[in-house]
> 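Shown below is the structure under consideration.
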Amino acid sequence: MQELDLANQTSPLAFLQSTTERKVHSNLPPAELVEFALVRKEGNLTSTGALMADTGKFTGRSPKDRYIVLDDKTKDTIWWGDINIPFDSVKFNLLLGKMKAFLADKELFVRDAYAGADENHRLKLKVVNTKAWHNLFCYNMFLRPSESELKDFEHDFTIICAPEFEADPETDGTKNPNFAIINLTERIILIGGTGYAGEMKKGIFSVLNFILPHDKNILSMHCSANVGSKGDTAIFFGLSGTGKTTLSADPNRNLIGDDEHGWTENGVFNFEGGCYAKVIDLTREKEPEIWDAIRFGSIVENTRFKANSREVDFANKSVTENTRTAYPINYIPNALEPSKAGVPKNIFFLTADAFGVIPPISKLNKSQAMYHFISGYTAKVAGTEMGVTEPKLTFSACFGAAFLPLHPTEYATLFGEKMEKYETNVWLINTGWTGGTYGVGSRMKLAYTRAMITAALEGKLEQVAYRKHQVFGFEIPQECPNVPAEILNPRNTWSDKEGYDKQAEILAEAFRANFEKFKNYASADILEGAPLL
């Protein structure tokens, strides 16, 4: 048992010999953390042995309460605005002092961990939690050092997470009592007033999204990745509802990771040691790998039991639709460890275009790839209002705008450079609608989408003829194994050809309107990837 020196102003996490009764538990294994969580009434065991825990008032991230400290390091580098909200450095130090005082008599759970499977580019983390289940979350989601590595472990970034501690907005500089504040100079993340564990995971992702591109010329990516038996790495970008998890979970390929990766000159590496998957309406038939991973050591968040049982009711949305599970990546049978592989040969941008305009598969040149990487497009089906449902346009820069400290054009430029250097193919895949818009056409068959991705991975689209899309300029293959040729050109699937043309122009205009905020920062090379009309 050790005492954590939270009064030391030069190091918020200096370990000293304990002379008090306060308990600091360091690097406990999952079984002990589960025991602590149960004794402290932080959660309950489910029928599969997973720990069920609630996140409290906040069942998701609170992006408007996430800040980055404004100082000499960040003032001219951060993409300031609604996503990256500046926080005064003096206020940060005062708030840190208040948190230290609050934690002075608390039982704490401390963990050493890595972020980054590439040993040359990883962050060494020290995580301090007031909740045992949060520490288990960090055990699952970050990479776990070996016993020998722990002996001389010197952290270079700190997370302090205390849901019970709330800020005073009037004096502390926050908008609300809850907060997540990143200090890139002092290398500390402070999280208070919220029990949502994902704030820790995404806080470190934001840190890596600054350090790797800015300091090391390494592209950080919000994506999933897998690799085939021949070492052919593939990357999948896509917003919620596009099929990213399903399409990257290929039983014939090894999973590198499902959410966060870096691209170096040697290849791709996972930032994480686990998976944080949505479980709303989960069934074994739909997602067998996730279903089987929910066992002892795993966590399920904000779920509820079926009546008179300890069996999780995954259809229950009474707390939130954002129910999740966190488990180590080695709970997935085909997961690759260590989680790194070679340079990607194929990259897939996934979109669920509910307007029926985007081809089911098309090949992008460098300019188009950078433009659409910045755009990060999909369309979500809205709820029914007065008997009418309409698709809703969604754009998220680099498929993860909420976690980008730098301007999106910086990531896109680096993306284009790597694509060109390594001759990587970039494909745009529409998993959405064909034959018309939502309500008229039909959803693209999953079997066809899988066949198109397999054909691209196996190089079977290299020798076929292509045709340029008349509005967006994509190259559309005219044939693909195991896919009817008539569905490859979306215009052909519409009975109303003029209706398709009009809808394509409307969508193109939406792309241009969205890109206005990036235009002044984008190079001519990027702008060449815009729609033709």
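In this chain, residues are counted from 1 in sequence order.
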> Under 3.5 Å, side chain of T46 to main-chain N/O of A50, donor-acceptor pair present?
yes

> Please state whether the rings of F415 and F349 are parallel, tilted or perpendicular, taking 30° and 60° as the class boundaries.
tilted

> List in chain and number order the residues that pass ring pair (Phe, Tyr, Trp, His ring centres under 6.0 Å) with H121, two or more places apart in sequence or in another chain; answer none if no residue qualifies.
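Residues passing ring pair (Phe, Tyr, Trp, His ring centres under 6.0 Å) with H121: none at all.
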
> Under a 4.5 Å cut-off applied to non-hydrogen side-chain atoms, are D172 and L94 in contact?
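Not in contact.
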
> For the residue pair L190 and M99, establish whether any side-chain heavy-atom pair is separated by less than 4.5 Å.
yes

> I'd like to know whether E289 forms a salt bridge (charged side-chain N to carboxylate O under 4.0 Å, His left out) with R284, so could you lay out the CA-CA distance, the side-chain angles of the two residues, the decisive distance to 0.1 Å, and finally the verdict.
CA-CA 8 Å; E289 293 86 3; R284 191 169 207 158; over 6 Å; no

> Rounded to the nearest 0.5 Å, what separation is found between the CH2 atom of W133 and the CG atom of L38?
13.5 Å

> Can a side-chain donor-acceptor contact be found between E301 and T55 if the only test is distance below 3.5 angstrom?
no

> Is there a side-chain contact between T351 and T431 (heavy atoms, below 4.5 Å)?
no

> Could you tell me whether D292 and R295 make a salt bridge, using a distance below 4.0 angstrom between a side-chain N and a carboxylate O?
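No, this pair does not count.
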
> Ignoring hydrogens and geometry beyond distance, is a side-chain donor-acceptor pair present between N316 and R304 at under 3.5 Å?
no

> Quick one: pull up OG1 in T394 and CG in L239 and give me the separation to the nearest 0.5 Å.
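Answer for the OG1-CG pair, T394 versus L239, is 7.0 Å.
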
> Side chains of N178 and D65 only: does a donor on one sit below 3.5 Å from an acceptor on the other?
yes

> Do E321 and T59 have side-chain N/O donor and acceptor atoms under 3.5 Å apart?
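Per modelled atom types, E321 and T59 side chains form no pair under 3.5 Å.
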
> Could you tell me whether E420 and K366 make a salt bridge, using a distance below 4.0 angstrom between a side-chain N and a carboxylate O?
yes

> Is the count of non-hydrogen atoms from other residues, nucleotides or ligands lying under 6.0 Å from K216 atom NZ greater than 12?
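Yes.
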
> What I want to check is whether the side chains of N209 and S220 have a donor and an acceptor closer together than 3.5 Å.
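Yes.
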
> Relative to the ring of F399, is the ring of F373 parallel (under 30°), tilted (30 to 60°) or perpendicular (over 60°)?
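Rings of F373 and F399: tilted, as their planes differ by 30° to 60°.
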
> Could you check, using the six-membered ring where one of them is a Trp, whether F153 and Y114 have ring centers closer than 6.0 angstrom?
yes

> Quick test of your reading: applying side chain to side chain donor-acceptor pair (under 3.5 Å), list the pairs with at least one residue in residues 326-342, sequence neighbours left out, ordered by first then second residue.
E119-K340

> Going by the rule ring pair (Phe, Tyr, Trp, His ring centres under 6.0 Å), which residues pair with Y196 if we only count those two or more places apart in sequence or in a different chain?
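Checked Y196 against ring pair (Phe, Tyr, Trp, His ring centres under 6.0 Å); zero matches.
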
> E287 and T246: side chain to side chain donor-acceptor pair (under 3.5 Å), yes or no, with the steps?
CA-CA 8 Å; E287 300 286 356; T246 300; 3.2 Å; yes

> Measure the CZ-NZ distance between F236 and K244 for me, rounded to the nearest 0.5 Å.
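That separation rounds to 11.0 Å.
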
> Give a yes or no on whether K151 atom NZ has more than 12 heavy-atom contacts from other residues, nucleotides or ligands under 6.0 Å away.
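At most 12 heavy atoms, drawn from other residues, nucleotides or ligands, come within 6.0 Å of this atom.
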
> Decide, yes or no, whether a salt bridge links D82 with R66 under the criterion of side-chain N to carboxylate O below 4.0 Å.
no

> Taking OH in Y521 as the centre, count heavy atoms belonging to other residues, nucleotides or ligands within less than 6.0 Å. Is the count above 12?
no

> Between atom CD1 of I78 and atom CG of L70, what is the distance when rounded to the nearest 0.5 Å?
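So the CD1 of I78 and the CG of L70 are separated by 9.5 Å.
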
> Quick one: do the E107 and H25 side chains pair a donor with an acceptor below 3.5 Å?
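Side-chain D/A pair, E107 to H25: present.
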
> Checking R187 side chain against F157 main chain: does a donor-acceptor pair fall under 3.5 Å?
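Checking the backbone N and O of F157 against the side chain of R187, no donor-acceptor pair under 3.5 Å is found.
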
> Could you please spell out the steps behind the side chain to side chain donor-acceptor pair (under 3.5 Å) verdict for T185 and D71?
CA-CA 8 Å; T185 299; D71 56 22; 2.6 Å; yes

> Measure the CZ-SG distance between R144 and C138 for me, rounded to the nearest 0.5 Å.
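Answer rounded to 0.5 Å: 11.5 Å.
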
> Under 4.0 Å between a side-chain nitrogen and a carboxylate oxygen: does that hold for D232 and R253?
yes

> Could you check whether the rings of F205 and F271 sit parallel, tilted or perpendicular, using 30° and 60° as the cut-offs?
tilted

> Say you draw a straight line from NZ of K91 to CD1 of I181; how long is it, rounded to the nearest 0.5 Å?
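Interatomic distance, K91 NZ to I181 CD1, rounded to 0.5 Å: 11.0 Å.
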
> Assert yes or no for the condition that the ring centre distance of F36 to F109 is strictly below 6.0 Å.
yes

> Between the side chains of D259 and K201, is the shortest nitrogen-to-carboxylate-oxygen separation below 4.0 Å, so that they form an ion pair?
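Between D259 and K201 there is a salt bridge, with a charged N closer than 4.0 Å to a carboxylate O.
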
> Do D112 and H155 have side-chain N/O donor and acceptor atoms under 3.5 Å apart?
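There is no such pair (donor and acceptor under 3.5 Å, judged by atom type) between the side chains of D112 and H155.
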
> Is the shortest side-chain heavy-atom distance between L108 and L103 below 4.5 Å?
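Counting from C-beta outward, L108 and L103 do come under 4.5 Å.
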
> For the pair N129 (side chain) and K131 (backbone), establish whether a donor and an acceptor sit closer than 3.5 Å, ignoring hydrogens and angles.
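Answer holds: no.
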
